[in-house]
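Residue numbering restarts at 1 for every chain, and letters A, B, ... go by the order of the sequence lines.
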Amino acid sequence: MAQKPSIPKGTRDFLPHEMVNRNYIFDTVRKVFQKYGYLPIETPAMENLSTLLGKYGDEGDKLLFKILNSGDYLRDVNDDVLTSRDSFKLMSEISEKGLRYDLTVPFARFVVQHQNEIVLPFKRYQIQPVWRADRPQKGRYREFFQCDVDVVGSNSLLNEVELIQIVDEVYKQLNIRVVLKFNNRKILSGIAEIIGVPDKIVDITVAIDKLDKIGIEKVNEELELKGISKEKIGKLQPIILLSGSNSDKIEQLKQILAQSIIGLRGIEEISAIILALKSLDIVIDVELDLTLARGLNYYTGAIFEVKAKDVEIGSITGGGRYDDLTGVFGLKDVSGVGISFGADRIYDVMNQLNLFPLQSEATTKVLFANFGEKEAFYCLKIMKEMRNCGINVELYPDSVKMKKQMNYADKKGIPFVVMIGENEMIESKISVKNMITGEQKLVCFDEFIDLVK
RNA sequence: GUGAAUGUAGCUCAGCUGGUUAGAGCGCUGGAUUGUGGUUCCAGAGGUCGCCGGUUCGAACCCGGUCUUUCACCCCA
């Protein structure tokens, strides 16, 4: 046997039945996005590396897929660089493009580039694949689809509220039980300010995040390991152990952060959001979680993350507010807030929980059996009329045994098979077999249309 | 990037302490049924046991390397 073909690590093919379900997810989020007034855009799969590099931290730079320059790309590289064995240096010489890592950074670039063609506040949605050179594992792929909704050019917290409504509606429609965890970067900054370690906020949140897994003592050990003094760890304890309802937590935080202006601003923001949500009948759980520290590279205000309650798979949606989204591309003071639905993880969740509605893969309603050239031409005329009536029909392309043609219809889930042989042609009738009941009838064209419609 | 596990027919897997010709179920092809699928019965095709090397009289099985897939950590959707 020939060498088996394969596809790159972390990528996947999708069979028709999988695509039916994937499209169900895409269609659902798209419809919800549109309901709230978002418009679609697309950006290229590849961006200039200068657009991508430095936006996701050192870790992110490593996970970028780089594209080799075309042609004889080594010709003009100077020998020092070639022999230096410095991948980073060489990379900038031989690669100037990369595959996009997310949809947010390309979107920021897009906004700057097309600022005169769009109206602010600009609400857009974007459903496209992104690529990360991560090591694949459960729920993690190297090529996956994100469904982003963002609004740029508005500071209003109503946008955050709207995004939460969207999350609520999407998961309500998909029938997935989720919890939306949120936090605010300003509160995290406030905490760091109070403790007196403004540069350690990432370490602190990462450590606190492990509370459930490893317990308070290990968390404190880890904090100490990160170079935070015992005294400061002591100050952190009430924050780590914060519990109760969202409003309980907010009350306690107000006390703790009383001396931090930025911290209090964060509290005001989340209080305003929670207040607005109260009157909106949000179904999903919304929970303030101080250990949420995702994407600290650019988030400045709200941070969101959604987890499925019934499947262990990491977050299926995430996002937040970035006050200076477009700043790196030269457009100052444009704030953005957005979230991203991870379609592939949502698929995995729904698949595991059997949440996909029964949808027929078959787009064909009627298969016309092929009895030979003469009969086939006769069928084509009938089929044309049916297609004009909006009925999906197909003719078996080869004049082979009935068994084979029936089998094809069965496997494809086609509900009706039409057989028109010599007798039917003479009588101007049609033999229709219902593949579900097994019942077969000899009828005239009008009856047939009624039967099949 | 770090640490583990895995790889046998198209698919899911069995294969004893190393022993001749590597098996099953499902699927596939053909037939029972030349105008009838999904059920049943009969027959058949299909494998350089991931790849390379080593140990051995002898390797699917033991050893080394390599690749693949999966899982955990880091990070993330």
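Atom P of nucleotide B/A77 and atom CG of A/Asp348 are separated by 16 Å, given to the nearest angstrom. Residue A/Tyr396 contributes atom OH, which lies 14 Å from atom P of B/G37 at whole-angstrom precision. The separation between A/Ile313 atom CD1 and B/U70 atom P is 13 Å, rounded to whole Å. The distance from atom NZ of A/Lys9 to atom C1' of B/U6 is 14 Å, rounded to the nearest whole Å. Rounded to whole Å, the distance from OH on A/Tyr299 to C1' on B/C75 is 14 Å. Spacing between atom CD1 of A/Ile303 and atom C1' of B/A77 amounts to 16 Å, rounded to whole angstrom units.
For B/C71, the OP1/OP2 oxygens have no side-chain nitrogen or oxygen of A/Gln137 closer than 4.0 Å.
Looking at heavy-atom distances under 4.0 Å, A/Asp134 makes contact with a base. The residue A/Glu143 sits apart from the nucleic acid: no heavy atom pair falls under 4.0 Å. Note on A/Ile436: a base of the nucleic acid sits closer than 4.0 angstrom, heavy atoms only. Counting any heavy atom pair closer than 4.0 Å across all strands shown, A/Tyr141 reaches a base atom. No contact: A/Lys62 has no heavy atom under 4.0 Å from any strand. At the heavy-atom level, A/Gln146 lies under 4.0 Å from the strands shown only through sugar-phosphate atoms. A/Gly60 comes within 4.0 angstrom of nothing in the nucleic acid, heavy atoms only.
For the C1' atoms, the distance from B/C52 to B/C57 is 23 Å, rounded to whole Å. When the C1' atom is compared between B/C51 and B/U6, the two are found 15 Å apart, to the nearest whole Å. Taking atom C1' in both B/U8 and B/A24, the straight-line distance is 13 Å, to the nearest Å. B/A9 and B/A72 have their P atoms separated by 26 Å, given to the nearest Å. If you take atom P in B/U12 and the same atom in B/A45, they sit 24 Å apart, rounded to whole Å.
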Evaluate the side chain to side chain donor-acceptor pair (under 3.5 Å) criterion for residues A/Glu162 and A/Tyr38: first the C-alpha distance (whole Å), next the side-chain angles of each, then the deciding distance (0.1 Å), finally the verdict. CA-CA 11 Å; A/Glu162 180 169 282; A/Tyr38 292 80; 2.6 Å; yes
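Comparing B/C76, B/U70, B/U69 by their nearest atom to the side chain of A/Arg140 picks out B/C76. Listed nucleotides: B/G35, B/A72, B/G37. Nearest to the side chain of A/Asn407: B/G37. The side chain of A/Lys403 approaches B/A32 more closely than any other nucleotide in the set B/A32, B/G35, B/C74.
A/Tyr56 and A/Tyr101 have tilted rings, their planes meeting at an angle from 30° to 60° on a 0 to 90° scale. Ring-plane geometry between A/Tyr322 and A/Tyr299 is classed as parallel, the angle between the planes falling under 30 degrees on a 0 to 90 degree scale with a further cut at 60.
The shortest distance between side-chain heavy atoms of A/Leu367 and A/Leu395 does not fall below 4.5 Å.
With hydrogens and angles ignored, a donor-acceptor pair closer than 3.5 Å exists between the side chain of A/Glu424 and the base of B/G35. At a cut-off of 3.5 angstrom, the base of B/U36 holds at least one donor-acceptor pair with the side chain of A/Lys433. Not a single donor-acceptor contact under 3.5 angstrom links the side-chain atoms of A/Gln405 to the base of B/U36. Between the base of B/G38 and the side chain of A/Asp410 there is no donor-acceptor pair shorter than 3.5 Å. Below the 3.5 angstrom threshold, one finds no donor paired with an acceptor across the side chain of A/Arg135 and the base of B/C71.
Tested against A/Phe341 for a ring pair (Phe, Tyr, Trp, His ring centres under 6.0 Å), the candidates A/Tyr171, A/Phe145, A/Tyr347, A/Phe304 yield a single pass: A/Tyr171.
An aromatic stack links A/Phe144 and the base of B/A77, using centre distance under 5.5 Å and interplanar angle under 30°.
Of the residues near RNA chain B, A/Ile420 and A/Lys411, the one whose nearest nucleotide (by heavy atom distance) lies more toward the 5' end is A/Lys411. Each of A/Lys401 and A/Arg345 has a nearest nucleotide on RNA chain B; the 5'-most of these lies closest to A/Lys401.
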